[in-house]
Each structure stands twice: as C-alpha cells, then as structure tokens.
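Some notes on the structure that comes next.
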Amino acid sequence: MKIQDQRGIIQSYVRIDSLGEEAYAEFKKLDAGDIIGVEGPLFVTKTGEVTVRAERYELVSKSLRPLPEKFQGLKDQEQRIRQRHLDLIMNLESRERFFNRSKIISGIRRFLEERDYLEVETPVFQNIAGGAAARPFLTKHNALDREFVLRISLELYLKRLLVGGFDRVFEIGRNFRNEGISRRHNPEFTMLELYQAYSDYRGMMELIQSLIRYLVKDVLKKTEITMPNGEVIDFLGEWKEAKYKDLVCEKVEDPNWFELSKDAKLSKARELGLEAQEDWEDYEVSNEIFGKLIEPNLIQPTFVTHLPKELCPLAKITIDDSSTIDVFELCIGGMEIAPAYSEQNDPDMQREMFEKQAGEETQNIDEDFLETLEYGMPPAGGLGMGIDRIVMLLTEADTIRDVILYPQLRS
RNA sequence: GGGCCGAUAGCUCAAUUGGUUAGAGCAGUUGCCUUUUAAGCAAUUGGUUCGGGGUUCGAUUCCCCGUCGGCCUACCA
C-alpha cells in the first residue's frame, strides 16, 4: 500500500498477523484517496524500498468519490483546472510546481528585504487605471454610489510613496486587465513592482540580474533552465545587452530604418510577413517588428535598452537622444520578463507625456498623481516583473494555467 | 472578438464507408493470493456517446444550433 502526503509517497506493508484480525478487516475496506494514519517500525524490502510495517492503523477521513486512474493520471485540461484538488493529488509535477511558485515568491521577499526594501500594499480599487494601458474591470461601491476600476498596475501609488519618503518599496499584488486570455495571459495576474530612490535603470539591471540568479541558483538549486521546446537558458553566463533600434535595424537589414517614411516601413513590414495596419503610428510599425520577429527569439537573458519614447510615458528621456527613454526590457525565453525605467520625476514633463499619450489613446490623466509629483519625487529606478511569467520560466511551464492554481475559465 | 480542432464508463483511450447488443485497461464490487515498484489471479458491475434539433430504414459517425475545452489570432504602450 502506498501512502502519500504533502511532500511524497511511502510504502506501508500490511499483514493480518501484525495488525490483528479486526483492524485488518477494516483495512481491507480502504479505497484509494482515503486519509489514514499508520504506525509501525520501518524496514527495507529486498528491492530496497523503505517501508512501514503497519502495527496500528486508523482511518482519518473517508473518500467517497473515486480518484482518477493512477497510472495515466488526470490529463483532461479542463478537469485539471476546475478540479485542481484532483490534479494536485494525481500529478506530482503539478504539485511540485506550486511548491516552487511559493519558494520563488518567498525568495523574492527575502532578497528584497535584505536590500532594505519595504513591502507595502496599495489600493486595488482605483479612480483611474494608471501605470499601463490596458482596459480595466469596472466595479461599483454601493454606499458611495460610485464606480471604481480595478488596478491594472501598481506603479502610480508606489511612486507616491517615494514622494512620501519611502526610498525602497515593493509590492507583490494582483493586477486585473480586461483583455483576452491566452497561454501567457490571465485576467488577474500577480505582479512585482519595486522602486528605489537614487537609482536608475542601470541600477535595476544589476538588481534584476542578481535577483533572478538568486532564484535560480539558491532558491531552486539550478544553473540552467530547459524550456518546454527544449532550448536551454543559461542564467549564470553573461547577460546580453542590446539597443532596441540596433535590433530592429539588424532585423530589417537596413541601418537607416528609422529614417524611412511610414509607408516604406509599412511595405517592408508586410514583406516580412506582418499584418501592418495603415492607421498605425510610425513607431507601432517598428514595434510590431520587435514584438513579432525579435522578442520571441531572445532566448538567453537579454536587456533591450533605449526603447522609443512613445512606448512608455513614465520613463525619463535619454539625455543624448530625445527619441528614446532610459529603460530596459529584460527578455528571457522569448518572453518579456521585466521592464525597468529611470522613472520620470519631473511633474511638468510627466504631464506633457501624459497629455501627448491621452491625445492618441483614450487615457485619463491622473491629476492626483501629477500633483503628488509636484511635492518632489526623488530620482529613482523602478522595475516590474510578472510573477506568473517568471514562475513559468523557472518551473518550465508552457502555459500560465500551470502556474496559477485557479486560472480563469469560461463560466 | 475571429479562425481551426475537439468532447465516448469515475480516469486513460478504442469503435472500419453511416450498420447487430458502443469495447479495453485502470478504478469499483466479489473471491483468492501476500514483500508488491502501475502488486498478481479469477469473476463481475458500470454508458443520456456534452446538450438540443435535423437528415436517414438505421447516427458515436453526416448537417445545424448551443455549452465547454485545446491550439492559433486580436486587444494587452
């Protein structure tokens, strides 16, 4: 008989002569899935397996429903999610992955606390969904008789705390984006954001590299990760760094790409097999090339720097190139794992960037945030990392559904 | 939101071109066996073939609608 608990399986050997007739008769009524206690001396069988010789046993809880088949396990995706308890009982790999998720998150906390970061919690219900450009979920507070949005990022409240004098803050929290569901997207997902005063995106580079190496090496005791498609990611080697524009120019084989007219860019993009739309902005064409043709091929850890300023209104403009911002996008395994910026702390510049963006997209301007900046925000580096994605990467999962216990399904 | 594919016993899977009573392994039940690495042997129970409609002498099989799932795609600076 095999007994399984939270961390593993052990064998028990049950004989009528060591257990007694009455208890043995009870034992014979056991079903797979019953919860029992067994007491007795350990011995090693001739095949070398450590085994408990049952001298006493007790039924703790009865299982009334049959478990899935023991050898094939539970494969049906829908049941694995809707009845996650069965998945966790039957599929060791799944259970292991959630243990690792927990270890990764506590590892992040430990790492940041050692660097004097303060963990904080900020509101989920917000007036304006800021810090990103996703559609929010709406909800209503009855007593106040007013609408709220669920947050789509943690950014703006954490920056207010920088103004308040907390120099190193982080939050690990749920964000909600009213967008499609895919292998890499769940409507509610867990995000780490951190801000460090008197640092910048270069400082964040050192931090994220140290953090991820710590998670791989010290928390998970690995040196490399094999992705579901077989590619091996080496975390301990040198991490590459490349400028966004250089990558795009290299891909389109044209050093003057960014001087081309929008039409020329459009036709080249189509030549490369992309569905470029007429009404796109200039930078959107380039970004389509980056997103579709470059990012998926950045397997080894790569910092992509000097992104076009249109891509993020919350970062500082590069001093010697007004078309780019002081940011990086850390790409690993073809996924965007962590973006980081030198944070914009000039309230006038920030307003200008917001207004420019509000002209193009439908984005409300968070006046409270701008007013807060006017009190003086220290220069800072900030970083965000999708927890689900980093867990996917580090636990070699090929879908976000395997790292979220109860991901969203229809109905 | 769009496209393609799928749903058969508690679980993992079969079922010929549309043809009799939809099968197997595991689980369950009954009996035997007792150091087995998916424990063994024998017998046995178990089906609204996802739901609804249609075509047909006849539908798991073909068609339509719905539900749910998978993959791709779109939105996600």
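By convention in this document, chain letters (A, B, ...) are assigned in the order of the sequence lines, proteins followed by strands, and residues within each chain are numbered from 1.
- Listed pair A/Lys70 / B/A27 meets the phosphate criterion, a side-chain N or O lying under 4.0 Å from OP1 or OP2.
- No hydrogens or angles were tested; on distance alone, nothing pairs the side chain of A/Arg183 with the base of B/U73 as donor and acceptor under 3.5 Å.
- Within the nucleic acid shown, A/Leu314 comes within 4.0 Å of at least one base atom, counting heavy atoms only.
- Looking at heavy-atom distances under 4.0 Å, A/Lys292 makes contact with sugar-phosphate atoms alone, never a base.
- Between A/Phe137 and A/Phe176, the two ring planes are perpendicular [angle over 60°; tilted spans 30° to 60°].
- Separation of the C1' atoms belonging to B/U60 and B/U34 is 43 Å when rounded to the nearest angstrom.
- Looking at the side chain of A/Phe71, the nearest of the listed nucleotides B/U12, B/U36, B/A38 is B/A38.
- Among the protein residues, A/Asp76 comes within range of the sugar-phosphate backbone only, with heavy atoms under 4.0 Å from sugar or phosphate atoms but none that close to a base.
- Taking the six-membered ring where the residue is Trp, A/Tyr117 and A/Phe170 present perpendicular rings, their angle passing 60° and hence far from 30°.
- Candidate nucleotides B/A27, B/A77, B/G70 were compared by shortest atom distance to the side chain of A/Asn287, and B/A77 ranks first.
- Out of B/A77, B/U36, B/C76, the shortest distance to the side chain of A/His185 is found at B/C76.
- Distance from the side chain of A/Glu69 is smallest for B/C26 among the nucleotides B/U12, B/U34, B/C26.
- OP1 and OP2 of B/C76 both lie 4.0 Å or more from every side-chain N or O belonging to A/Arg135.
- Distance from the side chain of A/Gln72 is smallest for B/U12 among the nucleotides B/G10, B/A77, B/U12.
- A/Arg53 comes within 4.0 angstrom of a nucleotide base, judged by non-hydrogen atoms across all strands.
- If you check B/A77, B/C68, B/U12 against the side chain of A/Leu74, the one that comes closest is B/U12.
- Residue-level contact check: A/Arg65 touches neither bases nor backbone, having no heavy atom under 4.0 Å from any strand.
- The backbone N or O of A/Leu260 lies less than 3.5 Å from a partner atom in the side chain of A/Lys265, making a donor-acceptor pair.
- The side chain of A/Arg401 lies closest to B/G70 when the candidates are B/G70, B/C68, B/A77.
- The partner of B/C32 is B/G40, by the rule that a Watson-Crick or G-U pair needs both atom distances under 3.5 Å.
- Ring pair A/Tyr201/A/His306 is perpendicular by interplanar angle, where above 60° counts as perpendicular and below 30° as parallel.
- Among the heavy atoms of the strands lying under 4.0 Å from A/Leu409 are primed sugar atoms or P, OP1, OP2 only; no base atom is included.
- Between the side chain of A/Arg151 and the backbone N or O of A/Arg174, at least one donor-acceptor pair lies under 3.5 Å.
- Backbone-only contact: A/Gln79 has heavy atoms under 4.0 Å from sugar-phosphate atoms and none from a base.
- Nucleotide B/A24 is matched to B/U12 when pairs are restricted to Watson-Crick or G-U wobble geometry with both distances under 3.5 angstrom.
- Glycosidic conformation at B/U60 (O4'-C1'-N9-C4 for purines, O4'-C1'-N1-C2 for pyrimidines): anti, more than 90° from 0.
- Of the candidate nucleotides B/C68, B/C76, B/U29, B/C68 has the atom nearest to the side chain of A/Glu78.
- For A/Arg82, the listed nucleotide lying nearest its side chain is B/G69; candidates were B/A77, B/C13, B/G69.
- When heavy atoms are screened at a 4.0 angstrom cut-off, A/Phe189 is found touching no nucleic acid atom at all.
- Taking atom C1' on both nucleotides, B/C13 is separated from B/G6 by 15 Å, rounded to a whole Å.
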Q) What do the steps show when you test A/Ile152 against A/Gln126 for side chain to side chain contact (heavy atoms under 4.5 Å, CB included), and what is the final call? A) CA-CA 9 Å; A/Ile152 58 172; A/Gln126 302 184 348; over 6 Å; no
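- Looking at A/Glu49, its side chain has no donor and acceptor atom pair within 3.5 Å of the base of B/U35.
- In this structure, the nucleotide among B/C75, B/A77, B/C33 sitting nearest to the side chain of A/Arg177 is B/A77.
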